[in-house]
Amino acid sequence: MAKLNVTNLKKSYGSLEVLKSIDLQVQEGEVVCLIGPSGSGKSTLLRCLNMLEEVTSGEVVVNAQKLTDKNTDINKVRENIGMVFQHFNLFPNLNVLGNITLAPVELKKASKEQAKEKALQLLDRVGLKDKASENPAKLSGGQKQRVAIARALAMNPDIMLFDEPTSALDPEMVGEVLNVIKQLAQEGMTMVIVTHEMGFAREVADRVIFMDGGYIVEEGTPQEIFGNPQNERTQDFLNKVL
Ligand code: ADP
Ligand code: MG
């Protein structure tokens with residue numbers, strides 16, 4: 001059973017059909033990188049995977065639970081799906097520790113002590129143990145994004161979704177964030193990562209998916225997609241970005 005199973009997913013905004021018919025399976029422990037031009041529907045697809053967007057039709061099944069079923073408790077399923085955004089979206093009124101402990105305490109009914117202990121472990125893992133009581137505004141972009149990753153991990157997610165986690169960062173900070181994601185990949189985390197970092201995708205992905213115009217145009221191993229793309233649109237895109 002796939003960890004994530006998307007069948008014939010369609011999403012429109014009014015008359016604009018953004019996702020045209022997406023089928024996608026992600027296996028446990030698999031790292032899938034989504035690439036494609038701006039406006040091709042990558043963010044919309046990612047947001048449909050945890051129902052941040054209401055889907056127009058089709059099915060999204062996570063851990064055998066059908067998110068697109070009206071009777072499913074979406075909030076419950078969502079607790080096991082970590083999401084990291086381009087612009088970090090940290091809570092500005094909470095310090096780093098508060099950002100990481102809020103959801104476990106409020107949603108998973110962890111004790112404050114347990115949540116704090118876990119948060120400190122996670123901060124250590126992302127190299128920010130000394131920033132626990134810092135205000136997010138005082139952090140660099142790379143540090144903010146590492147806090148955002150730690151915050152998502154604090155819920156013990158089964159799957160992590162990343163939407164261009166490094167595209168708002170100054171170039172010198174990209175590596176520190178990608179390294180954290182690489183480490184998660186090595187630890188066997190199931191991940192779907194939208195990225196413009198082709199070198200990273202080549203290195204970390206088990207499978208690369210190229211999207212264009214609301215369709216999955218081509219998918220394969222990094223060797224296949226970067227070394228020998230079959231579709232003309234994939235070739236054009238890679239010629240522009242590589
Ligand atoms: P990508 O992430 O690949 O750049 P998006 O999923 O953000 O693409 O957007 C795909 C298309 O959907 C674009 O044409 C975009 O303008 C449109 N779109 C995205 N979000 C909305 C929205 N909330 N309302 C209307 N149109 C949207
Ligand atoms: Mg996007």
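Every number for a ligand or one of its atoms is a count from 1 in the order of the listing.
- The distance from the Mg ion (ligand 2) to the nearest N/O/S atom of S38 is not under 2.8 Å.
- Summarising the geometry, atom CD1 belonging to I225 is positioned 6.5 Å from atom CD1 belonging to I35; distances are rounded to the nearest 0.5 Å.
- Using a 4.5 Å cut-off on side-chain heavy atoms (C-beta onward), T44 and Y13 make contact.
- Hydrophobic clustering, with ILVMFWY side chains joined whenever heavy atoms are under 4.5 angstrom apart, groups I74 together with L161.
- The contact shell of ligand 1, taken as protein residues with any non-hydrogen atom closer than 4.0 angstrom, comprises Y13, L16, V18, P37, S38, G39, S40, G41, K42, S43, T44.
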Could you go step by step and tell me if R125 and E187 meet the salt bridge (Lys or Arg N to Asp or Glu O under 4.0 Å) rule? CA-CA 12 Å; R125 215 161 129 192; E187 290 165 10; 2.7 Å; yes
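- Taking a 6.0 Å sphere around CD of E172, one finds it holds more than 12 heavy atoms contributed by other residues, nucleotides or ligands.
- Around atom NZ of K129, no more than 12 heavy atoms belonging to other residues, nucleotides or ligands sit under 6.0 Å away.
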